[in-house]
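Numbers restart at 1 for each chain; the letters A, B, ... are given by sequence-line order, proteins then strands. None of these values were measured; they are calculated from a predicted model. The basis for the numbers below is simple: all heavy atoms, side chains too, and nothing from hydrogens, waters or symmetry mates.
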Amino acid sequence: MTQTLFDRIWDQHIVADLGGGWSLLHIDRHLLHDLSGPDALATLAERGLEVSRPDLSFATPDHAVSSSPGRDGSTYDRGETLYRGLKTRARDARIPLFDLGRRGHGIVHVMAPELGITLPGLTLVCGDSHTCTNGALGAIAFGIGTSEVVHVLATQSLRQKKPRQMRITYDGKLKPGVCAKDLALHVIRTLGASAGVGYAIEHAGPGIGALPIEARLTLCNLSVELGSKIAFCGPDQQTVEYLRGRPFAPEGTAFEAAAAEWLSLATDSDARFDREERFDLREVPPTITWGTSPDQAVPIDGVVPDPREHSDEAQRQTWQAALDYIGLAPGARLLGTPVDWVFIGSCANSRLSDLREAAGIAKGRRVAQGVTAWVVPGSVEVKAAAEAEGLADIFRAAGFEWREPGCSMCVAANGETVPSGRRAVSTSNRNFVGRQGPGARTHIASPATAAAAAVAGCIADAREF
Amino acid sequence: MQPFTSVTGAAAPLLRRDIDTDVIIRIERLTQLRRDQLGPYALEALRGPDFILDQPQFRGAPLLIAGANFGCGSSREGAVWALQGAGLRAVIAPSFGDIFFSNCCQNGVLPVVLQEAEVNELAVQAADGSPITVDLLRNLVIAPDGAAYSFVIDPVRRETLIEGVDELGLTIRRLPEIAKWQQNDRARRPWAIPNSRGFEVLPD
Ligand code: SF4
């Protein structure tokens, strides 16, 4: 029977057919963090239930912890209860936790692929919408709410209805100075923020084969901004090489056997999808958001659109509200718009390749006066590697703050906010109203664009550096 | 879970598209408050002098009419708890964020998908606070003028909502089946168990 990669993995995980297209699916990995973890573990205890498979669960405190140098779990005092709650409850349930400062600690979706906890062919969930990031390695990975977290803790399974399937095929290669973040924003801008609702998306084609794994992680990360809770790339030789030697990945002959199985999971050439889209990577420009939804984006040298262009009343109102919040006028050029804050970090762009890209711009330059610029590496591992190869020194010498791993200003759950009315260029994934703090004006962009904004003091084209 | 059969009452129109869960409940409230304390902060980011849920005709309204892609973004279930705490029982919109949709169903809040034109029409009619009925037993939304709009919802979801079924309670009964699956899987995919030597590489 003709099958997609998604069909294959899905079918392998059906514990029971519940009828009407619903299945009881086995969950191979469960990631927990300080924001949704403690409440779910407490609810489980209230119901008198135990964690069914602590050996398939991994926890990391990332959301509500300070990122300031020398921090500990109480540095952000309002997050301390969550931090301690996760730690104590994980310990009691025998769930391994990667604690602050220890190897393995990091943003949940940075640490899991990096440690080989995420593997091709697995099902993986987490009480966090960016769990789709993990799909870049060829897993079915998706975000769930707290009730479902409790369900997984108690049963290591979930009741799910199989979604529709979309394939996005990519041809060609990205131009120099254009990266995965630009590609993701370009796709979202073209298809719209709800295009993926109800679909599992396979990012496929020769263009994906040519993208390094870290770039695929970025692309899958932002697929939830396209509306899809599930997105993935088929595992290939690059995936196999990326995973070889990772701590929790299989070793030796077991690894070779697993790799052969992973490579066999591919979508059949004659498989059919409910929806197909196609992009040419050569046509992707550096892209930046102008509004408060990730699809409100333009090429870096573009202008803010005019809400009156829209024939639809709801859309017009939506755009106008976005402009009022962001403080820009229709027709304004993004280039040259003064910037107060720059944030380089988050599970979208805090891996080593992202920091290299930003450091390439920062090297030998200075952060412009009046700009506060932060670099928050995604994990202890990334931080150590970046320090070893001199990236941290480049950032510090340029006047960036080099901080401790965590979500930090991506969601500002740890009190690290962009002040109200201030404009930020951020490598995170959401420009929502109030996301980086009440009144914060966020422009989402690539690490190179963010670094360029930091040194120029305004939105700038990194290709000109 | 509170069962959902039929609800009649005022429906607050909030027709902007892509209202995300960060806007529905601010992260700061989630880190500082219990789930039963979130109601007063629902949609806080949109509050202002003419905030819709503060209008006299919509105080305590059980229904919300929203633009497309309502509840996109973060998976925070607190978004549903906040809306529920504010008294909402159902949201009518052209489409919903996938995770939010599922979170609604987990809590007995009904997400109703209607065509954009139907949603707009309902919003016009509901503007003065005239009551709308959302009837899950008949899969109908009844407008103040009596017009009935039928909606489609997955039959399994529908059943669960009407009965107020506890999904976890159902699955717990299948634990032996799950254990058996896991046992077979160990032979089928030995590599799918995390390598326990990982902990030696990363000592505790
Ligand atoms: S970095 Fe941002 S998007 Fe990623 S898990 Fe943390 S808060 Fe969520």
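Proximity to chain B (any heavy atom under 4.5 Å) is restricted, for A/Arg53, to the side chain, taken from C-beta onward. The contact between A/Leu18 and chain B is made entirely by side chain atoms (from C-beta outward), counting heavy-atom distances below 4.5 Å. Neither the backbone nor the side chain of A/Ile117 has a heavy atom closer than 4.5 Å to any heavy atom of chain B. For chain A, no part of B/Asn184 is nearby; none of its heavy atoms comes within less than 4.5 Å. Contacts between B/Ser74 and chain A at a heavy-atom distance below 4.5 Å involve backbone atoms as well as side-chain atoms. With a 4.5 angstrom heavy-atom cutoff, A/Ala258 touches chain B via backbone and side-chain atoms both. Proximity to chain B is limited to the side chain of A/Trp262, based on heavy atoms less than 4.5 angstrom apart. Contacts between A/Phe142 and chain B at a heavy-atom distance below 4.5 Å are absent for every atom of the residue. There is no contact between B/Leu46 and chain A, counting heavy-atom distances below 4.5 Å. Both the backbone and the side chain of A/Ser147 come within less than 4.5 Å of a heavy atom of chain B. Heavy atoms closer than 4.5 Å to chain B are found in the side chain of A/Ser157, but not in its backbone. With a 4.5 angstrom heavy-atom cutoff, B/Phe96 touches chain A only via backbone atoms. A/Arg47 touches chain B through its side chain: at least one heavy atom from C-beta onward sits under 4.5 Å away, while N, CA, C and O do not. Contacts between B/Trp181 and chain A at a heavy-atom distance below 4.5 Å involve the side chain alone, from C-beta outward. Heavy atoms closer than 4.5 Å to chain A are found in the side chain of B/Leu175, but not in its backbone. Heavy atoms closer than 4.5 Å to chain B are found in the side chain of A/Thr43, but not in its backbone. With a threshold of 4.5 angstrom between heavy atoms, A/Phe255 does not approach chain B through any atom at all. Heavy atoms closer than 4.5 Å to chain B are found in the side chain of A/Arg430, but not in its backbone. If you measure heavy-atom distances from B/Ile19 to chain A, you find no contacts under 4.5 Å at all. At a 4.5 Å heavy-atom cutoff, the contact between A/Leu49 and chain B is made by side-chain atoms alone.
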Discussion item. What verdict does the salt bridge (charged side-chain N to carboxylate O under 4.0 Å, His left out) test give for B/Asp185 and B/Arg188, after you've listed the backbone C-alpha separation in whole Å, the side-chain angles of each residue and the deciding distance to 0.1 Å?
Written reply: CA-CA 5 Å; B/Asp185 188 57; B/Arg188 205 165 41 124; 3.0 Å; yes
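With hydrogens and angles disregarded, no donor-acceptor distance shorter than 3.5 Å links the side chain of B/Glu44 to the backbone of B/Ile24. The main-chain N or O of B/Arg17 is never found under 3.5 Å from a side-chain atom of B/Asn69 such that the two would form a donor-acceptor pair. Looking only at distances, no side-chain donor or acceptor of A/Ser379 sits under 3.5 Å from a matching main-chain atom of A/Gly106.
For the pair A/Arg29 and B/Pro194, the minimum side-chain heavy-atom distance is below 4.5 Å. Contact of the B/Thr31 side chain with the A/Leu35 side chain is registered, since non-hydrogen atoms from C-beta on lie closer than 4.5 Å. Two residues are said to be in side-chain contact when any heavy atoms from C-beta on lie closer than 4.5 Å; A/Arg103 and B/Leu202 meet this criterion.
Counting heavy-atom pairs closer than 4.5 Å to chain A, the top-ranked of the candidates B/Glu177, B/Arg157, B/Glu116 is B/Arg157. Options A/Lys229, A/Arg316, A/Lys161, A/Glu261 differ in how many heavy-atom pairs under 4.5 Å they form with chain B, and the most are formed by A/Glu261. When the candidates B/Val80, B/Asp98, B/Val201 are compared by the number of heavy-atom contacts under 4.5 Å with chain A, B/Asp98 comes out ahead. Between chain B and the residues A/Gly434, A/Ala413, A/Gly20, the most heavy-atom pairs under 4.5 angstrom are made by A/Ala413. With chain B as partner, the option from A/Gly198, A/Pro294, A/Gly79, A/Ala412 having the largest number of non-hydrogen pairs under 4.5 angstrom is A/Gly198. For the set A/Glu148, A/Arg435, A/Arg159, A/His13, the entry with the most heavy-atom pairs within less than 4.5 Å of chain B is A/Arg159. Of the listed residues B/Arg26, B/Arg76, B/Lys180, B/Arg189, the one with more heavy-atom pairs under 4.5 angstrom with chain A than any other is B/Arg189. Of all the listed residues (B/Ala45, B/Ala192, B/Ala68), the one sharing the greatest number of non-hydrogen pairs under 4.5 Å with chain A is B/Ala192. Ranked by heavy-atom pairs under 4.5 Å with chain B, the first of A/Gln317, A/Gln12, A/His26 is A/His26. The candidate with the highest count of non-hydrogen atom pairs below 4.5 Å against chain A, out of B/Arg16, B/Gln106, B/Gln32, is B/Gln32. The candidate from A/His63, A/Glu313, A/Gln156, A/Gln315 with the greatest count of non-hydrogen atom pairs under 4.5 Å with chain B is A/Gln315. Put simply, of B/Arg34, B/Gln182, B/Arg174, the one with the most heavy-atom pairs under 4.5 Å next to chain A is B/Gln182.
Using cut-offs of 30° and 60° on the angle between ring planes, the pair A/Phe58 and A/Phe98 is parallel.
Checked by atom type, the side-chain pair B/Asp154/A/Trp22 shows a donor-acceptor distance below 3.5 Å. A donor-acceptor contact under 3.5 angstrom links the side chains of A/His130 and A/Glu225, judged on distance only.
A pairwise comparison of heavy atoms in B/Pro111 and B/Cys104 identifies CG-CB, 3.9 Å as the closest pair. Contact record, A/Ala440 with A/Tyr325: O-OH, 2.7 Å, taken as the closest heavy-atom pair. Residues B/Gly71 and B/Thr21 share a closest heavy-atom pair of O-CG2, 3.6 Å. The minimum heavy-atom distance between B/Ile99 and A/Gly143, with the atom names listed, is CD1-O, 3.5 Å. Among all heavy-atom pairs drawn from B/Ala42 and B/Arg47, the shortest one is O-NH2, 3.2 Å. For the residue pair B/Leu122 and B/Leu114, the shortest heavy atom distance occurs at CD1-CD1, 3.5 Å.
No option in B/Val112, B/Val113, B/Leu161 other than B/Leu161 meets the side chain to side chain contact (heavy atoms under 4.5 Å, CB included) test with B/Ile153.
No close placement of the A/Tyr83 and A/Tyr76 rings is indicated, their centers lying 6.0 Å or farther apart.
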